[in-house]
Amino acid sequence: MTDTNPTSDPASGPSLENLLHETRSFPPSEEFAAQANAKAGLYERASAAGEEFWAEQARELVTWQTPFTETLDWSGAPVARWFGDGTLNAAYNAVDRHVEAGHGDRVAIHFEGEPGDTRTVTYADLQQEVSRAANALTTLGVRTGDRVVIYLPMLVESVVAMLACARIGAPHSVVFGGFSADALRSRIADAEATLVVTADGGYRRGAPSALKPAVDEALAPKEGAPETSVQKVLVVRRTEQEVDWVEGRDVWWHEALAAADPVHEPVAVEAEHPLFILYTSGTTGKPKGILHTTGGYLTQTAYTHKYVFDLKPETDVYWCTADVGWVTGHSYVVYGPLVNGATQVLYEGTPDTPHRGRWWELIQKYKVSILYTAPTAIRTCMKWGDDIPGEFDLSSLRVLGSVGEPINPEAWMWYRRVIGGDRAPVVDTWWQTETGAIMISPLPGVTAAKPGSAQVPLPGIAATVVDDEAKPVPDGGGGYLVLSEPWPSMLRGIWGDLERYKDTYWSRFEGLYFAGDGAKKDDDGDIWLLGRVDDVMNVSGHRLSTTEIESALVSNPIVAEAAVVGANDETTGQAVVAFVILRGEHANRASTPEGAAEVQKELRDHVGKEIGPIAKPKKILVVPELPKTRSGKIMRRLLRDVAEDRTVGDATTLADSSVMDLITAGLAVPS
Ligand code: WTA
């Protein structure tokens, strides 16, 4: 269905050549370096100690119920066992131990709802609420090992629900609230979850937006679908919207918690006990349930959070803008910061509600000192203009992080200058749902930062760039990003599909983890990430699969064939562009501009329903043919040329070389 490698030459982007000659460099100030958690010695210690380095981190940053004596067991490669004979509890590490250490009064979460309601939650409050929720889950029949799906907006309850699951050893699977009922249904089914935590709704762009109806629909009997495994639905009341109620199944969160004991003994689990499953897009239509376990994951999220953001838990106010529905929310809203005892801001809504300065207003209000966000947000704020952040006092900021996609040097410079007052270091952090924690990033007190480059593997991490033959490229060369040593927070597989795990990540190069990203090394040996080399797109930092959207499109009866590409987009990094061939009698509908607009709307809505609003194509182009090789694979590279308004590249391997003329001629009329 696709060329094996649509961008098999990751070094091909012409503009990237210019990027790699970046000469600007921002070494840490003496003042910052002197107080930094990470000193250059951390690299030395990591390379001298090997795996023992991770054992040191695990002992220092995490509290164990039973101390481990083994560090790494790689005999079952590619499934690692880290700290295998140790036991611990993730919620105890994130909450209780801080209270026991006398920090119960420290604020864990400054919650700010989109309408402006606020809530301050201390570590002592969090301990009580997580304990009540853990007792409530137990009363509702959830046992250690059972899976719980969480489908919530950004609320304190989202964090509490995740930690309550961890407290009883029930792996959670958070599904982003922007996914549709169908997407939710397939994730519930794959995880065989027995309970769903949701809310009546959340506030989004100034209005309540319902969530519970999607859960009701996902659990309703459907022809061809197996009976749901879900027994109970726990419903947080947020917007007070009307909700349908299934007696015997649905339970109000506030009632269940009020009835529950505020004391709960955390369940000590083995280090390799599953902590969560998080679904992410892969190269096939079926989302992958990425499995993370407890000990190694907590160790590496805490380690990276401490050193990459230079966290000082007593004085910093940290804010990561990611939704808990994504891995960034798991590792850098919930586990990393809380295990480190941080004080953080949690914001429910969008950056432009009720005005475009909302984020900066929050930074001023809470004196946020560490901000972690995505390039797409930075570029959007950049477009809105310097005046907006200029109205607020951002002088509390001392570290700025970026994640989710490559950050172009212009956005990087803007972030540093306008948001960071030319003073706060920027750390561009590369990692993935699969890696669990940050892998490549400058260290703010050590590295001379270079705009646009994630630069260097963190101490303890072995990352490099290899060519098609798995040979490391020399400085100046390009190829594929690989990880050559196991790391504590690595995924332990794909839920229920070990073969797919081996095949996706370990079959491309013998003994190397294949990340799916193209990368280059510049003349200094610094790593530049160049985007995906597979059929995964990155839209506003969200991972979407081309195949999944194509399947959604062809499931509509008017579509005969579909091909989807990620086209460069100034704001969102990439945008979804779909090419569709309509079936028989429908083909004519798109011959007028009104007809084409109608078809586009119908299909965009259809994708929204099948997957979720985030997957809706920005553009849908109706075409008479798709460019295919003689073996029938769609040549997305050529479609990307069309989508990006470029001259179409080499089409000589097409079965019928006139197809591209047909496509471009047709588009000149109504598009
Ligand atoms: C991309 C998000 C360049 C990359 C944490 C990766 C990045 C995918 C960066 C993972 C970065 C993430 N520079 N590209 N700093 N960070 N990516 O699983 O393509 O949602 O493979 O994890 O995002 O996306 P995921």
Side-chain angles (χ1 to χ4, degrees), residues 7 10 13 16 19 174 176 178-179 276-283 287-292 300-301 304-305 308 320-333 335-336 372-379 400-409 411-412 415 426-442 449-458 461 463 465 480-483 489-491 494 504-505 513-520 526-546 566 572-574 614-615:
T7 50
L16 288 160
L19 296 186
V174 183
F176 175 59
F179 279 113
F276 65 87
I277 304 165
L278 184 59
Y279 287 86
T280 187
S281 297
T283 53
K288 301 180 278 200
I290 302 299
L291 173 65
H292 282 287
Q300 200 175 331
T301 52
T304 49
H305 186 258
V308 174
C320 167
T321 63
D323 192 283
V324 289
W326 306 111
V327 76
T328 309
H330 283 59
S331 302
Y332 298 107
V333 174
Y335 293 106
Y372 192 29
T373 191
T376 186
I378 298 166
R379 289 191 294 264
L400 302 175
S402 171
V403 61
E405 52 177 316
I407 177 165
N408 47 310
W412 194 104
Y415 195 26
V426 173
V427 287
D428 174 12
T429 64
W430 178 89
W431 59 293
Q432 310 178 295
T433 305
E434 292 86 340
T435 67
I438 299 169
M439 303 292 283
I440 305 178
S441 167
K450 214 183 254 184
S453 170
Q455 299 189 288
V456 273
L458 288 180
I461 298 301
V465 182
Y480 307 96
L481 184 74
V482 294
L483 302 167
S489 64
M490 70 194 293
L491 75 165
I494 294 174
T504 309
Y505 305 103
Y513 171 88
F514 174 64
D517 277 308
K520 263 202 153 191
D526 280 329
I527 298 175
W528 293 70
L529 277 310
L530 306 182
R532 304 286 307 186
V533 294
D534 55 13
D535 296 336
V536 174
M537 293 171 290
N538 193 325
V539 179
S540 297
H542 298 160
R543 262 168 83 164
L544 297 169
S545 136
T546 52
T572 57
Q574 286 189 309
I614 46 165

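First listed ligand is number 1; within each ligand, the first listed atom is number 1.
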Looking only at protein heavy atoms, which one is nearest to [atom], and how far off is it?
| atom | value |
| --- | --- |
| atom 18 (O) of ligand 1 | T433 OG1, 2.5 Å |
| atom 24 (O) of ligand 1 | R543 CD, 3.2 Å |
| atom 10 (C) of ligand 1 | W431 O, 3.7 Å |

Candidate with minimal heavy-atom separation from atom 3 (C) of ligand 1, of S402, P406, G401: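 Nearest heavy atom to atom 3 (C) of ligand 1 lies in P406.
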Proximal candidate to atom 6 (C) of ligand 1 [heavy atom criterion; set L530, D517, I527]: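 Of the listed residues, D517 has the closest heavy atom.
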4.5 Å side-chain heavy-atom contact, [X] and [Y]:
| X | Y | value |
| --- | --- | --- |
| M490 | T435 | no |
| Y279 | I290 | no |
| I614 | F176 | yes |

Suppose we call two aromatic rings close when their centres sit under 6.0 Å apart. Are [X] and [Y] close by that rule?
| X | Y | answer |
| --- | --- | --- |
| H330 | Y335 | no |
| Y505 | Y513 | yes |
| Y332 | W431 | yes |

Under-4.0 Å salt bridge between R532 and E405: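 No salt bridge links R532 with E405.
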Those atoms of ligand 1 less than 4.0 Å from some heavy atom in D428: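 Once the distances to D428 are compared, the set is 11 (C), 15 (N).
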Distance filter under 4.0 Å to N538 heavy atoms, resulting ligand 1 atoms: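 Under 4.0 Å from N538, ligand 1 has these atoms: 1 (C), 23 (O).
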Could you see which bit of [X] sits under 4.0 Å from ligand 1, with heavy atoms only: side chain, backbone, both or neither?
| X | value |
| --- | --- |
| T328 | side chain |
| I440 | neither |
| E405 | backbone |

Within-cut-off N or O pair, E434 and ligand 1, under 3.5 Å: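 Between E434 and ligand 1, no N or O pair is found under 3.5 Å apart.
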Criterion side chain to side chain contact (heavy atoms under 4.5 Å, CB included) against S402, the qualifying member of T429, I407, V427: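 The side chain to side chain contact (heavy atoms under 4.5 Å, CB included) with S402 is passed solely by I407 among T429, I407, V427.
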Test item, W326 contacting ligand 1 (heavy atom, 4.0 angstrom):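 Contact absent.
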G404 near ligand 1 by a heavy-atom separation under 4.0 Å: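 Yes; G404 lies near enough to ligand 1 that a heavy-atom distance drops under 4.0 Å.
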Interatomic spacing from OG1 in T304 to CD1 in I461 - rounded to 0.5 Å: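 Rounded to the nearest 0.5 Å, the OG1-CD1 separation comes out at 9.0 Å.
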